[in-house]
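These notes are about the structure you will find just below.
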Amino acid sequence: ASAVLASVSRALKPGGRFVAEFGGHGNVAALVTAMRAVGMKRGGDLSLAHPWFFPAPDVYQSLLTEHGFTVRRIALIPRPVVLKTGIAEWLMLFRKPFFQQFENEADNALAETVELLRPSLCDAQGNWTADYVRLRVEAVKP
């Protein structure tokens, strides 16, 4: 995050705006929690369940300030996203390495994760929704 903000600062003229939206604190929390539960049960590498940086507003605001920005707005925005292809496909697209660590048990680990998520992320019609939370930022380079 620090290297990105240093690059953004170099690219902007004084008075230039930096506007961004990306995963914030709590993004895919249910998904990560379910994978961690499966990983703990199976003795897996839990770091493979959450390789991302999803900062809280105060954490990112501090980073912006350290890089000389003035923060105009910063907020977490819940943005549930319906997954047309389902949750198993999302998990394999974004976290395949987590499941691959279990080798010939990968399919079972995936099925366990899906069942852990079903009560909170699947509706009565079988539609899956990812628990996305976005961090929206507007900052200015003085």
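Residue numbers run from 1 in the order of the sequence given.
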- Assess the pair Y60 and F22: is the distance between their ring centroids shorter than 6.0 Å? yes

- Using side-chain contact (heavy atoms from CB on, under 4.5 Å) as the criterion, point out the one residue from K84, E89, R118 that pairs with W128. R118

- Would L48 and L110 show up in the same hydrophobic cluster when neighbours are defined by side-chain heavy atoms closer than 4.5 Å? yes

- Task: Check whether any side-chain heavy atom of L91 sits under 4.5 Å from a side-chain heavy atom of L31, and report yes or no.
- Result: yes

- For H67 and A6, work out which heavy atoms get closest and say how close. CD2-N, 3.7 Å

- Query: Taking side chain as C-beta onward, heavy atoms only, is L83 less than 4.5 Å from N127?
  - Reply: no

- Can you label the angle between the F54 ring and the W52 ring as parallel, tilted or perpendicular, going by 30° and 60°? parallel

- Query: Honestly curious: do V32 and M40 fall in one hydrophobic cluster under the side-chain, below-4.5 Å linking rule?
  - Reply: no

- Would you please test E115 and L117 for side-chain contact (heavy atoms from CB on, under 4.5 Å) and show each step? CA-CA 5 Å; E115 289 314 306; L117 291 165; over 6 Å; no

- Item | Exercise: identify the closest heavy-atom pair between F98 and A49 | CD1-N, 3.8 Å

- Task: Give a yes or no on whether D107 atom CG has more than 12 heavy-atom contacts from other residues, nucleotides or ligands under 6.0 Å away.
- Result: no

- Separation of E138 CD from E21 CD (nearest 0.5 Å): 13.0 Å

- Message: Within this structure, what is the NZ-CZ distance for the pair K41 and F102, rounded to the nearest 0.5 Å?
- Response: 10.5 Å

- Is F53 reachable from V4 through a run of I, L, V, M, F, W or Y residues, each pair having side-chain heavy atoms under 4.5 Å apart? yes

- Query: Quick one: CZ on R134 to CD1 on I77, what's the gap to the nearest 0.5 Å?
  - Reply: 11.0 Å

- Item | Atom of P55, atom of V59 and distance for their closest heavy-atom approach | CB-CG1, 4.1 Å

- Take Y132 and V28 through the test side-chain contact (heavy atoms from CB on, under 4.5 Å) and record every step on the way to the result. CA-CA 5 Å; Y132 285 8; V28 298; 3.6 Å; yes

- Task: Mark yes when over 12 heavy atoms from residues, nucleotides or ligands other than H50 sit less than 6.0 Å from its NE2; otherwise mark no.
- Result: yes

- Can you tell if the side chain of L64 reaches within under 4.5 Å of the side chain of L5, non-hydrogen atoms only? yes

- Task: Walk me through it: do K141 and R17 pass the test side-chain contact (heavy atoms from CB on, under 4.5 Å)?
- Result: CA-CA 6 Å; K141 179 178 177 177; R17 284 187 330 140; over 6 Å; no

- Query: Hey, does M92 have a side-chain heavy atom less than 4.5 Å from the side chain of F99?
  - Reply: yes

- Might you confirm whether atom CZ of R42 has over 12 heavy atoms from other residues, nucleotides or ligands at distances under 6.0 Å? yes

- Query: Taking atom types as modelled, is there a side-chain donor on R36 or T33 under 3.5 Å from an acceptor on the other?
  - Reply: no

- Task: Answer with yes or no whether the side chains of D58 and Q61 bring together a donor and an acceptor at under 3.5 Å.
- Result: no

- Quick one: closest heavy-atom pair of I74 and P57, and the distance? CD1-O, 3.5 Å

- What is the distance from atom CD of Q101 to atom NZ of K96, rounded to the nearest 0.5 Å? 14.5 Å

- Min side-chain heavy-atom separation R73-R136 under 4.5 Å: no

- Between OG1 of T129 and CH2 of W90, what distance do you get to the nearest 0.5 Å? 13.0 Å

- Message: Walk me through whether F69 and V140 qualify under side-chain contact (heavy atoms from CB on, under 4.5 Å).
- Response: CA-CA 5 Å; F69 288 94; V140 177; 5.9 Å; no

- Note on the structure: Closest heavy-atom pair, A34 versus T113, reported as atoms and distance to 0.1 Å, is CB-CG2, 3.9 Å

- Do you know the tightest heavy-atom contact between S120 and A30? OG-CB, 4.4 Å

